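Step one of this worksheet: look at the structure below.
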Amino acid sequence: MAAELTTHELIAKHRPTLDQALEAIRTRAYWSPHPEHPKAYGADGSLDMAAGKAAFDALLGTRLDLGQPGTDDWVGGEVSPYGIELGVTYPHADLDVLLPAMRAGQRAWRDAGAEMRAVVCLEILRRISDRTHEFAHAVMHTSGQAFMMAFQAGGPHAQDRGLEAVAYAYVEQARTPDTAEWTKPQGKRDPLALTKQFTPVPRGVALVIGCNTFPTWNGYPGLFASLATGNAVVVKPHPRAVLPLALTVQVARQVLAEAGFDPNLVALAAERPGEGIAKTLATRPEIRIIDYTGSTAFGDWLETNARQAQVYTEKAGVNTVLVDSAANYQGMLSNLAFSLSLYSGQMCTTPQNLLIPRDGIRTDQGPKTFDEVVADLARAVDGLLGDDARANALLGAIVNPDVKTRLEAAAGLGEVALASREISNPEFPGAVVRTPLVVKLDGAKPDDEAAYMSECFGPVSFAVAVDSAADGVELLRRTIREKGAMTVGAYTTDEEVEDAVREVCLEEAAQLSLNLTGGVYVNQTAAFSDFHGSGGNPAANAALCDGAFVANRFRVVEVRREARGQA
């Protein structure tokens, strides 16, 4: 079929956005081409709020036929954390048919060059952006995020992370020129002269293993980094969160076909209940790149067993905040309360351990004992979530029964400073909504260490009493080194403590936020500016997004020949 999107049209349309993204990752300043406010949509062909909801509703109970080769069955079964059955079915693939078909399109995609691949990826992202309201409902009803968070994190913020990956991919590929004239003087003899050609070539088929909580935000960086560097990409969603990534694959296939490329460069691998297709795919010889977000156990398995692939993992960590002193005590409490509550703590960046000296802290409101700090934090959370409508908008729903079980068990690990309570959602009576739990533990007791030195994913935090700020810094170091951390926070007015925490984070490669009291929170990161993870501690072996995240997804192959006129 003839291309409907020409090279010239795509470059003219998207090169300015690519250039802005390149400038943003250079300066690390704020920039985003994707509006965060729902009312910004509805013009220029994008779906407004009502149209997006209608588009989502129209998907329920349907078969999402992607036109993929090797379809041998139809699978589904997603149930929203808000209590509704989605009823969408997806193609199940015969991998022996699908994977060879995916590889067939890579030659033309490789030969298209880095710029063309980049602008095709930007066209995919633009069309996803036009359907942001529809995608928001898909993310909400697979992850349990409240609508506004699903809209922002699952929409513009995810799209920003995808664009960021494309920009980094372009930079790394453009670093080497397409051609070079090489001349070496030979004294009185004629110089040696070669013409050299350099081509970025893909590693092979890339695999994206999606997560349940942030299917697009965590899925887009790997998907677009691999696609922009010339690789075909097979997307294996989490079985509870297929729809957002299936829609993504649908859009990508449409754009690739319209641009004159093989749509099978992007495909979906949905699975039957209990099939465990991720392990099967991960060890296939065709799979040369893997992106994974999820449990440490499976991430470790991938790193050990997927020997033929370059594996990028974001696993579990124990995120820690040291509370030494506060220049704005109320601001600190408000900021922490929001961080603990957002999406019911079901973020890989949510603080878990709050390290507080047992003799108390200095604040702008006078000295506060350990018990007072914990009690004041509990009151701040209660105040934030006291109104059920506001609570539902912040908490969303518990994503799966394992989180609820973990939350209930955590109450028995120590003295409960803030009990978790159930909140009803009038719009979705089937939603399981719980407020955060805060448990007091003693950092000097070996029996308590087992709790605070393990990730307890969900709305659970531990207020851990430490002997001093210095003791807290050393516990912080040990936690990062042994368990990893996606985020670290600290509150202190003491320069020596600040320097000590900073040094620990530099040595152990953990991202640090200091003295946050306003509208930026430790569990939020901004594309083009903040690095999500570092790749330097056990929580993740890669950062979103830097040069290392994209550079090893392709290799440069050189062809050299003697220049014209050489013997």
Side-chain angles (χ1 to χ4, degrees), residues 81 139 142-146 149-150 153-154 209-215 217-219 238-241 278 292-302 313-321 336 338-354 381 394-414 416 418-420 431-439 441 448-464 479-480 482-489 510-511 521-525 532-533 537-540:
V139 170
T142 51
S143 71
Q145 294 173 31
M149 184 176 186
I209 302 175
C211 69
N212 194 173
T213 48
F214 289 89
W217 199 98
N218 278 109
H238 190 285
R240 293 193 187 101
Y292 167 76
T293 301
S295 72
T296 296
F298 192 61
D300 289 345
W301 186 93
L302 289 169
T313 58
E314 181 189 314
K315 301 179 288 190
V318 177
N319 301 320
T320 301
V321 175
L336 284 174
F338 189 93
S339 297
L340 299 184
S341 302
L342 186 62
Y343 185 32
S344 300
Q346 298 171 124
M347 303 173 69
C348 62
T349 50
T350 300
Q352 175 178 299
N353 293 347
L354 310 175
V381 173
L394 285 174
L395 296 170
I398 298 298
V399 68
N400 62 55
D402 291 342
V403 175
K404 180 173 178 286
T405 300
R406 197 178 300 122
L407 168 63
E408 292 168 349
L413 296 174
V416 173
L418 175 64
S420 177
V432 177
V433 185
R434 298 289 187 275
T435 63
L437 169 76
V438 178
V439 176
L441 297 175
D448 286 357
E449 182 173 318
Y452 66 74
M453 285 294 282
S454 299
E455 187 196 34
C456 191
F457 183 76
V460 177
S461 292
F462 300 116
V464 182
T479 302
I480 301 170
E482 295 179 11
K483 302 298 180 180
M486 294 299 293
T487 57
V488 173
Q511 311 294 12
Y521 305 94
V522 67
N523 41 355
Q524 296 174 320
T525 58
H532 177 73
N537 69 64

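This is a predicted model, so every value here is computed, not measured. Just so you know, residue 1 is the first one in the sequence shown, and it goes up from there.
Listed here is the closest heavy atom pair of Tyr452 and Val318: O-CG1, 3.5 Å. When all heavy atoms of Ala410 and Val460 are compared, the pair lying nearest together is CB-CG1, 3.7 Å. Contact record, Pro351 with Val522: CG-CG1, 3.4 Å, taken as the closest heavy-atom pair. Across all non-hydrogen atoms, the minimal contact from Ala411 to Val416 is O-CG2, 3.5 Å. Residues Thr213 and Ser143 come closest through the heavy atom pair O-CB, 3.2 Å. Here the closest heavy-atom approach between residue Ala419 and residue Leu437 is recorded as CA-CD1, 4.1 Å.
With Asn218 contributing its side chain and Thr293 its backbone, the two residues share no donor-acceptor pair below 3.5 Å. Gln352 places no side-chain N or O within donor-acceptor distance of the main-chain N or O of Val321, the cut-off being under 3.5 Å. Under the 3.5 Å distance criterion, the side-chain polar atoms of Asn319 are matched with a main-chain donor or acceptor of Met486. Looking only at distances, no side-chain donor or acceptor of Glu314 sits under 3.5 Å from a matching main-chain atom of Tyr292. For the pair Gln346 (side chain) and Ala397 (backbone), a donor-acceptor distance under 3.5 Å is present. No donor-acceptor pair under 3.5 Å is formed between the side chain of Asp448 and the backbone N or O of Leu441.
Using a 4.5 Å heavy-atom threshold, the side chains of Phe298 and Ile209 count as touching. Side-chain contact between Asn400 and Pro81 is absent, with no heavy atoms from C-beta onward closer than 4.5 Å. Gln524 is not listed as a side-chain neighbour of Thr349, based on a closest heavy-atom distance of 4.5 Å or more. Under the 4.5 Å side-chain criterion, counting only non-hydrogen atoms from C-beta, Lys483 is not in contact with Glu455. Considering only heavy atoms from C-beta on, Gln145 comes within 4.5 Å of Val139 through its side chain.
Listed by chain and residue number, Trp217 satisfy the ring pair (Phe, Tyr, Trp, His ring centres under 6.0 Å) test with His532 (two or more places apart in sequence, or in another chain).
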message = Does Thr350 form a side chain to side chain contact (heavy atoms under 4.5 Å, CB included) with Phe457? I'd like the steps, not just the answer.
response = CA-CA 9 Å; Thr350 300; Phe457 183 76; over 6 Å; no
task = Determine, step by step, whether Met149 and Phe214 satisfy the side chain to side chain contact (heavy atoms under 4.5 Å, CB included) criterion, reporting the C-alpha distance in whole Å, the side-chain angles of both residues, the deciding distance to 0.1 Å, and the verdict.
result = CA-CA 10 Å; Met149 184 176 186; Phe214 289 89; 3.6 Å; yes
ask   = Hey, mind stepping through Ser420 and Arg434 against side chain to side chain contact (heavy atoms under 4.5 Å, CB included) and telling me if it holds?
value = CA-CA 6 Å; Ser420 177; Arg434 298 289 187 275; 3.6 Å; yes
key: Thr487 vs Gln511, side chain to side chain contact (heavy atoms under 4.5 Å, CB included): CA-CA, chis, key distance, verdict   = CA-CA 5 Å; Thr487 57; Gln511 311 294 12; 5.7 Å; no
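Ser295 OG to Asp402 CG: the interatomic distance, rounded to the nearest 0.5 Å, is 11.0 Å. Remark: Arg406 CZ to Ser454 OG distance equals 11.0 Å, nearest 0.5 Å. Rounding to the nearest 0.5 angstrom, the gap separating the OG1 atom in Thr320 from the CG atom in Asn353 is 4.5 Å. With rounding to the nearest 0.5 Å, the separation of CD1 in Ile398 from OG1 in Thr405 is 10.5 Å. Once rounded to the nearest 0.5 Å, the distance linking CG of Leu407 with SG of Cys456 reads 8.0 Å. Atoms NZ and CG, on Lys315 and Leu302 in that order, are 9.5 Å from each other to the nearest 0.5 Å.
Ring orientation note: the planes of Tyr521 and Phe338 are close to parallel, at an angle under 30° on the 30°/60° scale.
When each of Leu342, Leu395, Val403 is tested with Pro459 by the rule side-chain contact (heavy atoms from CB on, under 4.5 Å), just one qualifies, namely Val403.
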